[in-house]
Structure formats: structure tokens, C-alpha cells
Amino acid sequence: MLNISLRQKTILILLALLTIISTWTLIWNANVAEIFITDELSNVQSAVSFLSGKPYSSARYGQAYSSGIAVTWPSAIGWWAGGNLFFSRVANGITVYLAILILGFHFFRKNGFSQISAMVIPSILWTLFITWPFDITGWQGFLQTLGELPGALWFGAGILFLNRNPFLAAFLLGISTWHGKLLYGSFAFGALAGESLSFLYQKNRPSMKVLLFRTTTLLSLFLLPMILWIGFNELVFGHSSTMDFFSKEFSWFFTGNRLLVAGQVPTPPLQGLWTRLSSPIMEWHTYGLLGKGKLILILLDALIVPLHGISKSLKARKINWVTAGLLMVLAAHIYWWFFLHPWMYLRHFEPALYIALGLIIYWVTAFNKFDFLKDEKPVILLLFLVITIQLVAIPRGGLY
């Protein structure tokens, strides 16, 4: 029989209560969120089509997609279960919630935390992520079968395996890109480049031949999810379907967003940061002051905290090349979104935002390797506080 103290039992009860309230928050938002006429309907339709034995295709976009099957499949399960978008959204919410708890548990256990701590910390972080006033602007997108957050989870799984099994990590990063969101591709290249540099500058340096072979293998495994997708399309649906996929998906990629092609956004984009931030043309203009402040704070922390970690590693003559690679790509994304993006559409920046959050969590954990439950009383008080905040904030769900 498990020897669990009264305080530990209290923590588990509060954790269960927190899970129930968080699930209700997801269900409530799934019910009140507006229908995303274009992407939500198309993504659900594509997922239902594919899991019904037909090509991954929608009436609006054909086989072109911006969110792949790796991030949309739960919506098809929900649709079959209930026959409407509400059930698709609930299925998306529960799947993402469970995936975050599982990934969080493995991450904190890997960093030396107890089992209970590894359950409590991800639960609290997730609760704050979806609860006003701590929530991230537009977080409800994954409920609407938009692939930014689920794609980040595939990316996070790849990063978790990067040290232990870089070849599996490359494959998972490929899934996050080709069957999640294409914008994760730049971050995947940054992470894989960092991993290759870590391999090059290890104590026993490999030969250039070994490095080249290993790097080529990693890139091949990164491309493998798309190669398998094309091969599956060819074998199951025929050559005409494969050609249709190429013509739809890659022509969409190279021509860019249809709004830009149609000239419905300023070309060239508005110049000057202050002009862009104050222009009603930019989506940024629609965010509340709190939403803007949280976004800026996350980005500043994501640059400062990892850079501090890298500076400390330089003193120990052991550079975290993966972090360096991700930071370079993140900085490029920040510049692109704030200075070049035609209308500062947040969905196009969300992958960078989730990478930023991941970097903050990783380095804060690296700086503070302590077990949350060494003193259980503060944990109980913290859980009470988070539950109270969530209960008060439920009616305000979705506000920025």
C-alpha cells in the first residue's frame, strides 16, 4: 500500500479539482468561441476525409493545408462522436491538455523533480496559460482546429529527445513542420544546426566525414514525414491525387497568402515600428493593453533568460548550441513580425511565441533545480490560489 501523507493526499485532491476546472474552462470556451469560417471548417473537413479513407482534402482548399493531420486528427474523432464543431473542439482541447501534462511530466522528471511535482507544475502552468489575466492572447485557436499549439507540442517532443535520440528528434521535428505548421521548419533547422554543432564541438571531435554523414541523416529524417506522406498518397490514392497535392499545397506555399496576392494588404508593408504599431491596419491594433504587455514581456524574457544561461555556459566553456540556434531564429521571427509582416497577424507569430515560452520554462528550470514538494504546505497554498483565480476568471474566458 502506498505510504502517502495527508498533505500529499490534499495535493492530489486539489490537483484533481484543478484538472476538472481546467477541463470545464476548455469546454466553456469551445462552446462560446466563434466559428473560424475558413480554417476551422476546412481543417475539420480534411481530417474527417482522411480518417474516412479519402485524401486529406477540403472543399475550400482541396489538398492544400496549413494545419496537417498530426494536429487535426482529434477534431475528426470529435466530429464522429457528436456530429458538430463543439465536439470537435472538445476533442481538440482534451487531446492538447493531456499531451501537455504528459510532456510536462517527462520534462520535469528528466530534470530531477519528484513524480508529484512533475504532475503539479505542468497543471499549474497550463491553468495560467488559459486563465485570465495570465492567458495568452488568442490561446483558444487550438480548440478551433488551428495547428499552432499542437504543432508546438510535436516540436517540444522532438526537443525532449534531442540529446538522447537525435534521429528520433529529427523525425518528430519533421512531423511538427510538415504535418503540423510549416512555420516550425525554421526553428527545426535552428535546433538541428545547434545539435550538429554540439556534436562537432564535443570532447572527442568527430571527423568531417562523420559529421557530414550524421547531419545528412538528420536532415533526411526531418524530411521523412513528408516523403512518407507523398508515398502514402501515391500508393493509396493514386498518381493523380499526388499531382493534385503538389499543385495545391506547393503552389499555395510559393504564392503566399491569398490576401497578399489579392492586394488586400499594403504592399510594400508600412514602414517604421511606431507607425506599424499604431496603424489600424495591423492586427496588433486590436489587442488590449494587457495582451500587448504580456506578449512583449514573454519575448523580452525569452531573449534575456536564455542569453543569461548561455553566458554562464560560456564561463564553463560548454555552449548550449541548440538554445543558440533557436534564439537566432526567434530573433529573426521577431524582426519579421514587428517590421515586415504585412498586417502583424498573430497566428503567423504564434509558433515563435510558443518557442519563446518553451525557452523560458527550460532555462528557469535549469537555473532552479529544486523539488517543489520538499515543503508541501506552500504547494497546497499555491494550488488553492490558482484554483481560486480560475474559478473567478471562468466568466471572463476569452478576453484579452
Side-chain angles (χ1 to χ4, degrees), residues 11-31 33 40 43-44 47-48 51 67-82 85-111 113-131 134-136 139-161 168 172-173 175-176 179-181 184 350-351 354 357-358 361-362 365 372 383 386-387 390 394 397:
I11 289 171
L12 292 176
I13 292 170
L14 291 174
L15 189 59
L17 180 59
L18 186 65
T19 301
I20 292 170
I21 300 173
S22 294
T23 303
W24 168 250
T25 301
L26 294 177
I27 294 172
W28 189 86
N29 278 275
N31 185 50
E40 180 177 14
N43 289 341
V44 173
V48 170
L51 295 186
S67 295
I69 189 62
V71 297
T72 62
W73 65 266
S75 68
I77 305 299
W79 184 269
W80 285 336
L85 287 178
F86 171 73
F87 283 93
S88 289
R89 292 173 173 186
V90 171
N92 289 332
I94 292 174
T95 302
V96 167
Y97 188 12
L98 289 175
I100 282 178
L101 294 181
I102 292 170
L103 279 177
F105 179 84
H106 283 283
F107 171 76
F108 286 104
R109 285 294 289 162
K110 181 181 177 182
N111 283 276
F113 289 74
S114 70
Q115 290 186 358
I116 292 182
S117 294
M119 290 188 290
V120 168
I121 301 172
S123 295
I124 290 176
L125 291 175
W126 172 250
T127 299
L128 296 177
F129 176 80
I130 64 172
T131 303
F134 306 100
D135 57 334
I136 304 301
W139 69 264
Q140 301 91 339
F142 71 91
L143 295 173
Q144 299 165 302
T145 320
L146 307 181
E148 284 78 11
L149 181 55
L153 299 181
W154 281 103
F155 190 94
I159 296 298
L160 275 179
F161 280 102
L168 174 60
L172 292 173
L173 294 176
I175 291 177
S176 76
H179 303 304
K181 296 295 293 186
Y184 284 108
E350 280 184 7
Y354 294 139
L357 284 170
I361 292 171
Y362 172 82
T365 303
F372 237 56
L383 283 170
V386 172
I387 290 171
Q390 194 170 35
I394 280 179

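- Residues satisfying the side chain to side chain contact (heavy atoms under 4.5 Å, CB included) test with Asn92, not counting sequence neighbours, are Pro74, Ser75, Thr145.
- Among all heavy-atom pairs drawn from Thr72 and Ser67, the shortest one is CG2-O, 3.7 Å.
- The side chain to side chain contact (heavy atoms under 4.5 Å, CB included) check on Ile102 picks up His106, with sequence neighbours excluded.
- How far CG of Leu153 is from CZ of Phe142: 9.0 Å, rounded to the nearest 0.5 Å.
- Note that the CG atom of Leu103 and the CG atom of Leu98 stand 11.0 Å from one another [nearest 0.5 Å].
- Across Ser176 and Gly151, no two heavy atoms sit closer than the pair CB-O, 3.5 Å.
- Contacts of Glu148 classified as salt bridge (charged side-chain N to carboxylate O under 4.0 Å, His left out), with partners at least two apart in sequence or in another chain: Lys181, Arg347.
- From Ser22, atom OG reaches atom CD1 of Ile124 across 10.5 Å, with rounding to the nearest 0.5 Å.
- For Leu51, the side chain to side chain contact (heavy atoms under 4.5 Å, CB included) test picks out Trp73, Ala76, Ile77, Trp80, with sequence neighbours left out.
- Considering only residues two or more places apart in sequence or on other chains, Leu14 meets the side chain to side chain contact (heavy atoms under 4.5 Å, CB included) condition with Thr10, Ile380, Leu383, Phe384, Ile387.
- Here the CG atom belonging to Leu146 is positioned 6.5 Å from the CG atom belonging to Asn43, to the nearest 0.5 angstrom.
- Within the 4.5 Å cutoff, side-chain heavy atoms of Thr19 are placed close to those of Tyr97.
- You'll find the side chain of Leu12 reaches within 4.5 Å of the side chain of Met119, heavy atoms only.
- Note: Phe113 and Phe108 have perpendicular aromatic rings, judged against thresholds of 30 and 60 degrees for the angle between ring planes.
- Using a 4.5 Å heavy-atom threshold, the side chains of Leu173 and Tyr184 count as separate.
- Atom CG of Asn111 is separated from atom OG1 of Thr365 by 6.0 Å, given to the nearest 0.5 angstrom.
- Nearest heavy atom pair, residue Val44 against residue Ser88, reads CG1-OG, 4.0 Å.
- Taking CZ of Arg89 as the start and CH2 of Trp79 as the end, the distance is 11.0 Å to the nearest 0.5 Å.
- For the residue pair Leu143 and Glu40, the shortest heavy atom distance occurs at O-OE2, 4.4 Å.
- When all heavy atoms of Pro150 and Val96 are compared, the closest pair comes out as CG-CG2, 3.9 Å.
- Under the salt bridge (Lys or Arg N to Asp or Glu O under 4.0 Å) criterion, no residue pair touches residues 94-104, with sequence neighbours excluded.
- The two residues Ser117 and Pro122 have their closest heavy-atom pair at O-CD, 4.1 Å.
- Ring planes of Phe129 and Trp126: parallel class, angle under 30° (limits at 30 and 60°).
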